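Computed from a predicted model, the values in this text were never measured in an experiment. Every heavy atom of this structure was used, including side-chain atoms; hydrogens, water molecules and symmetry mates were not.
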Amino acid sequence: MKKILNTTISLPIFLGAFLMPLEPIKYQQQQITNQQIISPECLVKKWELPDELKSKNEKKLPVLISRVPVTCCENDASCLDERIYGGDNEKIADKKALLTAIDQSLKYLQTRGAEVAYKKYKIPEITKERVDKSLRRFRELLLSTNSSKELHKAIEKEFVFYQSLGKDTKGTVLFTAYYEPLYLASRKPTKEFRYPAYRYPADLASWTKPHPTRLELEGADGLQGAKGKLKGLELFWFRDRLEPYIIQIQGSARLKLTDGTQTTIGYAGNTAYNYKSLGRLLVEDGKFPLEGLTMPIILDYFQKYPQDLNIYIPRDRSFVFFRETNGKPAQGSISVPLTPERSIATDKSLMPPGALALIRAPFPFPNQNGELEHRTVSRYVLDQDTGGAIKGAGRVDYFLGTGEIAGDRAGVTVSNGQLFYLLLKPKNNS
């Protein structure tokens, strides 16, 4: 048993979208080292979309709105990405990880897929060429600066922020997080390993639409796949009904196999249904009120009533297929490896793929006692993925890595924040 946020649980905690809709956690104002309280102006108002940039007709507002970079308030460390260099609250410096993520996006921008994506992109001034040049200049600044403050000053001088309109036209974005699960699995079915994950059907294109639902494909108990279209498509087998379902939500997994080897599986395709979360279904059925609903409460419910998994999992009609990726890192929707804490997923019909972004929100971090505490931080990230539950200008999913700690953190990430894309000012974009 592990204690997380003073709540003892024994089931794994996983992606916030799995339990959506959860209300964002409400946080008290963050205290700084000299015990002063950071003002609401610095914590929230300064980061909202400025009133003068809003149109009287909100329906005509673009998804991303150009503005000057946010100037840091004195003593507000949450304004800076201290993780790049290390700092009082950041014991790990990960400049190398950010450089790696940038290089992956630069690689993507040279592909035919990027050309096609940006030809369809709806904001004329955000072009593939401008995104590419912005990434290259930001990379140069990373290598030439020695502190988060120095980097921030350089960005203020050379870059424009394009802020997401958010879910409320004020720039408010709901953040969840995802991760790569690590599970024990078997290549063959046994009495212990009964629940399969499935490979992509070679004839999926010929399946009549509407596609079979999850219930029709695998049955209420998740064990009937061999009686229908899924026969022979079994890829790996798991002990717990939730494990292959969670992998469908996360999109990938790292597996320890019963023969002592390890491998990975990744997203290969899906049926033509929108994902619907178990949390939403429980609220709809009156099992819980939305207000105050937390993941430990829901996990505790399924511990007490495991038979209800056979009711609620089948009500998510969507179904995801996988391929074995033989140890490769988890990949995003733009076909580059995801970098822990440096990759995000957004709605790619609205947001520029591969672009550099700044996110700011409360995220959970382990403290000295092994408990998770939320701290508002800023992070430079690359937009390299998408997801079935990530729709609209007001949603971001943050990739936190692989394994148990990443899963614990992902499961308690539900918070409001802001999203900005960083592009060189036009005079620097020549």
Handout entry: CA sep, side-chain torsions, deciding dist, call: Ser78, Arg375, side-chain hydrogen bond (donor to acceptor under 3.5 Å, both in side chains)
Key = CA-CA 8 Å; Ser78 73; Arg375 176 159 46 89; over 6 Å; no
Tell me whether [X] contacts the main-chain N or O of [Y] through its side chain, where contact means a donor paired with an acceptor under 3.5 Å.
X      : Y      : value
Thr325 : Thr264 : yes
Asp168 : Lys170 : yes
Thr271 : Phe319 : yes
Asp397 : Ala177 : yes
Thr172 : Lys167 : no
Lys287 : Leu281 : no
His152 : Leu80  : no
Tyr179 : Pro340 : no
Asp316 : Lys276 : yes
Arg317 : Thr213 : no

Decide yes or no for [X] and [Y]: does some side-chain heavy atom of the first lie under 4.5 Å from some side-chain heavy atom of the second?
X      : Y      : result
Val283 : Pro289 : no
Pro352 : Tyr118 : yes
Tyr245 : Leu309 : no
Leu151 : Leu142 : yes
Arg199 : Ile265 : no
Met351 : Ser164 : yes
Leu422 : Tyr380 : yes
Asn270 : Ser318 : no

Handout entry: CA sep, side-chain torsions, deciding dist, call: Lys153, Glu156, salt bridge (charged side-chain N to carboxylate O under 4.0 Å, His left out)
Key = CA-CA 5 Å; Lys153 288 181 179 179; Glu156 283 186 305; over 6 Å; no
From [X] atom [atom1] to [Y] atom [atom2], the distance as rounded to the nearest 0.5 Å:
X      : Y      : atom1 : atom2 : result
Leu242 : Ile247 : CG    : CD1   : 11.0 Å
Asp347 : Lys391 : CG    : NZ    : 5.5 Å
Glu243 : Leu182 : CD    : CG    : 10.0 Å
Thr339 : Asp94  : OG1   : CG    : 9.5 Å
Leu64  : Ile123 : CG    : CD1   : 4.0 Å
Phe138 : Thr145 : CZ    : OG1   : 8.0 Å

Handout entry: side-chain contact (heavy atoms from CB on, under 4.5 Å) between Lys95 and Tyr85, worked out
Key = CA-CA 6 Å; Lys95 181 185 288 190; Tyr85 309 91; 3.6 Å; yes
Heavy atoms only: give me the nearest [X]-[Y] pair and the separation to one decimal.
X      : Y      : result
Leu135 : Ile102 : O-CG2, 4.1 Å
Leu419 : Ala357 : CD1-CB, 3.9 Å
His211 : Ala272 : ND1-N, 3.1 Å
Ser252 : Ala330 : OG-CB, 3.5 Å
Leu423 : Ser134 : CA-OG, 3.4 Å
Leu338 : Gln331 : CG-C, 3.9 Å

Is it the case that the side chains of [Y] and [X] hold a donor-acceptor pair, with the cut-off being a distance below 3.5 Å and no angle test?
X      : Y      : value
Thr376 : Arg360 : no
Tyr312 : Asp285 : yes
Thr346 : Lys348 : yes
Gln384 : Ser105 : yes
Tyr267 : Ser333 : no

Practice task
Evaluate the criterion ring pair (Phe, Tyr, Trp, His ring centres under 6.0 Å) for residue pair Phe322 and Phe236; output intermediate values, then yes/no.
Solution key: CA-CA 10 Å; Phe322 297 93; Phe236 290 99; 10.0 Å; no
Exercise for the section: In sequence, state the C-alpha distance, the side-chain angles, and the governing distance for Phe238 and Leu255, and then conclude on side-chain contact (heavy atoms from CB on, under 4.5 Å). Expected result: CA-CA 10 Å; Phe238 299 84; Leu255 306 179; 3.7 Å; yes
Problem - SG-SG distance Cys72 to Cys79 under 2.5 Å - result: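 Correct, these two cysteines form a disulfide.
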Exercise for the section: Give a yes or no on this: more than 12 heavy atoms of other residues, nucleotides or ligands lie within 6.0 Å of atom NZ of Lys107. Expected result: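 Counting neighbours around NZ of Lys107, 12 or fewer heavy atoms of other residues, nucleotides or ligands fall under 6.0 Å, so no.
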Exercise for the section: Count the heavy atoms of every other residue, nucleotide or ligand shown that sit under 6.0 Å from NZ of Lys46, and state whether that count exceeds 12. Expected result: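 Yes - once you tally the heavy atoms of other residues, nucleotides and ligands closer than 6.0 Å, there are more than 12.
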What is the ring orientation for [X] with [Y], classed by angle as parallel under 30°, tilted 30 to 60°, or perpendicular over 60°?
X      : Y      : value
Tyr200 : Phe321 : perpendicular
Phe363 : Tyr398 : tilted
Phe420 : Phe161 : tilted

Salt-bridge criterion met for [X] and [Y] (N-O under 4.0 Å):
X      : Y      : result
Asp81  : Arg379 : yes
Arg137 : Glu140 : yes
Asp203 : Lys229 : no
Arg214 : Glu218 : yes
Lys45  : Glu48  : yes
Asp132 : Lys128 : no

Exercise for the section: Please lay out, stage by stage, how Asp240 and Ile246 fare under the test side-chain contact (heavy atoms from CB on, under 4.5 Å). Expected result: CA-CA 10 Å; Asp240 189 319; Ile246 293 168; over 6 Å; no
Handout entry: Lys/Arg cation over aromatic Phe399: Arg342, 6.0 Å, 45° cone
Key =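 Ring-cation test returns no.
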Exercise for the section: Begin from the C-alpha positions of Leu141 and Phe159 and carry the test side-chain contact (heavy atoms from CB on, under 4.5 Å) through to its verdict. Expected result: CA-CA 12 Å; Leu141 293 175; Phe159 284 77; 3.8 Å; yes
Handout entry: Candidate pair Tyr162 and Tyr421, rule ring pair (Phe, Tyr, Trp, His ring centres under 6.0 Å), full reasoning
Key = CA-CA 5 Å; Tyr162 282 78; Tyr421 289 88; 8.5 Å; no
